[in-house]
Amino acid sequence: MRMILVGPPGAGKGTQAARLVELFNIPHISSGDMFRAEVKAGTELGKELDRHMKSGGLVPDEVTIPIVLKRITSPDCANGFMLDGFPRTRPQAEALDHAMTKAGVALDAVVLIEVPDQLLEERAVLRRSDPETGKIYHLKYNPPPADIAARLVHRADDTVEAVTKRKDKYHAETAPIIPFYMEKGILKRVDGVGDPDAITERIKAVLSD
Ligand code: AP5
Ligand code: MG
């Protein structure tokens with residue numbers, strides 16, 4: 001299975017990816033997680049990435065594309081992968097398409113998780129992540145156990161200002177990739193509002209259509 005999860009910030013891509021990669025036994029490749037690991041490592045590249053991410057802007061294509069394309073050529077991706085957060089611009093979609101055609105492989109599905117703008121701010125601002133397990137929590141919708149509360153992380157771009165910019169970037173830069181995949185006949189739309197278990201079932205259903 002070679003697939004992509006697309007959706008606005010806070011749509012639930014990371015939440016759903018964690019469940020689906022176990023089911024399909026494929027690696028979860030989140031460009032955002034890869035970039036945050038680089039920021040945490042304190043490298044020069046990490047400092048550059050941090051500047052873009054903190055403000056809610058996108059990392060430039062010329063930085064993003066080689067990093068992700070290199071990752072999907074790793075041996076663990078030979079039988080499939082789940083991309084989360086890449087591609088998110090038209091040039092990224094075209095670069096992925098070119099690289100996969102060259103490698104003689106094709107995408108099976110692009111799942112678009114649809115959530116209205118007015119729900120996204122609360123999802124992001126109240127999100128907390130566990131740096132030890134990578135698990136994603138929400139203070140209201142998926143509260144973390146009390147004994148791990150002290151170690152939870154609040155992402156630097158989960159402020160109201162950065163989320164507003166991330167939403168604008170999604171509509172301006174990422175939404176244009178939707179017609180690209182519609183034309184290929186592999187776009188699957190899923191309603192991302194409701195219980196996360198129900199959304200996992202919706203995704204499984206569109207994938208087996
Ligand atoms: P990235 O890490 O990809 O962030 P994003 O796209 O903004 O998405 P999020 O991770 O915020 O949300 P999500 O959809 O994963 O939702 P989650 O499951 O966590 O990118 C971050 C930044 O890195 C970008 O802004 C950019 O700067 C840079 N970047 C990354 N990739 C790039 C690229 N390709 N090109 C250029 N720049 C790039 O859920 C959110 C919250 O909601 C959680 O608290 C969760 O518990 C809760 N929740 C989940 N599902 C539900 C539900 N059904 N009901 C209620 N609450 C729910
Ligand atoms: Mg995510």
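Residue numbers run from 1 in the order of the sequence given. Note that ligands are numbered from 1 as they come in the structure, with each ligand's atoms numbered from 1 the same way. Every heavy atom of this structure was used, including side-chain atoms; hydrogens, water molecules and symmetry mates were not.
Any N or O atom pair closer than 3.5 Å counts here, and L126 shares no such pair with ligand 1. By the 3.5 Å distance cut-off applied to N or O atoms, A11 is counted among the residues near ligand 1.
Summarising the contacts of atom 49 (C) of ligand 1 with V6, D50, I67, T15, the nearest heavy atom is found in T15. Of the candidates H138, R166, R155, R51, it is R155 that places a heavy atom closest to atom 21 (C) of ligand 1. Taking only non-hydrogen atoms, the option from G192, G10, G57 nearest to atom 25 (O) of ligand 1 is G57.
In this structure, D209 does not pair ionically with K188, as no charged nitrogen and carboxylate oxygen lie closer than 4.0 Å. One finds no salt bridge joining K165 and D157 here, because no Lys/Arg side-chain nitrogen approaches an Asp/Glu carboxylate oxygen to under 4.0 Å.
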Test log, rule side chain to side chain donor-acceptor pair (under 3.5 Å), inputs T43 and E38: CA-CA 7 Å; T43 61; E38 196 71 36; 2.7 Å; yes
- prompt: Step by step, would you call D61 with T64 a side chain to side chain donor-acceptor pair (under 3.5 Å)?
  reply: CA-CA 5 Å; D61 285 339; T64 302; 5.5 Å; no
Evaluation steps, side chain to side chain donor-acceptor pair (under 3.5 Å), between D117 and H171: CA-CA 10 Å; D117 268 17; H171 291 296; 3.0 Å; yes
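The closest approach between Q16 and ligand 1 stays at or above 4.0 Å for every heavy atom of the residue. Heavy-atom separations between G194 and ligand 1 include at least one value shorter than 4.0 Å.
In terms of protein heavy-atom proximity, atom 30 (C) of ligand 1 is closest to R88 NH1, 3.3 Å. Scanning the protein heavy atoms around atom 52 (C) of ligand 1, the nearest turns out to be R123 NH2, 3.4 Å.
Residues that satisfy the side chain to side chain contact (heavy atoms under 4.5 Å, CB included) test with P60, not counting sequence neighbours, are H52, E62, V63.
A side-chain contact (heavy atoms from CB on, under 4.5 Å) with R189 holds for exactly one of V110, V206, I113, I178; it is I178.
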